[in-house]
Amino acid sequence: MGAWQPLPEELPAEVRHFVEQVRLLKDSTGLSLVALGARTAYSKSSWQRYLNGTQPPPRQAVAALCRVAGLTGADAERFGVRWELAVRVWPREPAPSRLPVGGPLPGGRDGAHDAHDGRDGHGGAGQGVDDRAGACGYEEEPTLPWWDLLDEEPPPGPRTGRLLLYAALLVLALLLVAVAGAVALG
């Protein structure tokens, strides 16, 4: 608790403020990173990355920490707002260099023509990698611990009918085995 490594100098102010607030919230729980990982759906190493400012946490990780710390309502919502402000300006890793259409392909092929089918190696001209795909920011992956999903009711429908069908078939199979055993034993 409390002995955090210094945050990188190049972090924007919003990110620094967010990480410092998350650190304080984590410290207020009194839990170690291992214990925090056990109480949330995120590992110790993930929490280390989030709390050292090297990777933005998913929104669900922040919500899980708020739940563990006992924050509800407006207090928990404030962390959600801080998260939104921070991930908008969080520094991104440099993108891997992208090959131009028609450029060399891995494995030594040049992409001009594929020897097997006569088409160009990329599936058609003008199909490049869209650089805008990741430009809108981090995508949130809603991961919830399994125990949070227990409160949800299963969707009604064919699952219930299928379960009844399997139960009826099982009873029928047991009856057939019982009748066959009775006939065989006399």
I need the minimum non-hydrogen distance between [X] and [Y], along with the two atoms involved.
{"X": "A76", "Y": "L71", "value": "CB-O, 3.9 Å"}
{"X": "L31", "Y": "K26", "value": "O-NZ, 2.6 Å"}
{"X": "P58", "Y": "Y50", "value": "CD-OH, 3.3 Å"}
{"X": "E14", "Y": "A86", "value": "O-CB, 4.1 Å"}

Following the transitive rule for hydrophobic clusters with a side-chain heavy-atom cut-off under 4.5 Å over Ile, Leu, Val, Met, Phe, Trp and Tyr, establish whether L85 and V89 coincide in one cluster.
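No, because L85 and V89 fall into different hydrophobic clusters, even though each may have its own neighbours under 4.5 Å.
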
Measure the shortest side-chain to side-chain distance between [X] and [Y] over non-hydrogen atoms and say whether it is less than 4.5 angstrom.
{"X": "W90", "Y": "V19", "result": "yes"}
{"X": "W4", "Y": "L51", "result": "yes"}
{"X": "Y42", "Y": "L36", "result": "no"}
{"X": "C66", "Y": "L25", "result": "yes"}
{"X": "L169", "Y": "L165", "result": "yes"}
{"X": "T54", "Y": "Q48", "result": "no"}

If you round to the nearest 0.5 Å, how far is [atom2] of [Y] from [atom1] of [X]?
{"X": "W47", "Y": "L33", "atom1": "CH2", "atom2": "CG", "result": "9.0 Å"}
{"X": "E77", "Y": "W83", "atom1": "CD", "atom2": "CH2", "result": "12.0 Å"}
{"X": "Q5", "Y": "N52", "atom1": "CD", "atom2": "CG", "result": "3.5 Å"}
{"X": "R23", "Y": "E20", "atom1": "CZ", "atom2": "CD", "result": "7.5 Å"}
{"X": "R16", "Y": "L7", "atom1": "CZ", "atom2": "CG", "result": "5.0 Å"}

Residues forming a salt bridge (Lys or Arg N to Asp or Glu O under 4.0 Å) with E84, sequence neighbours excluded
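So E84 forms a salt bridge (Lys or Arg N to Asp or Glu O under 4.0 Å) with R59.
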
Just jot down the salt bridge (Lys or Arg N to Asp or Glu O under 4.0 Å) partners of R88, sequence neighbours excluded, or say none.
none

Got a sec, which pairs hit ring pair (Phe, Tyr, Trp, His ring centres under 6.0 Å) with one end in residues 163-182, sequence neighbours left out?
none

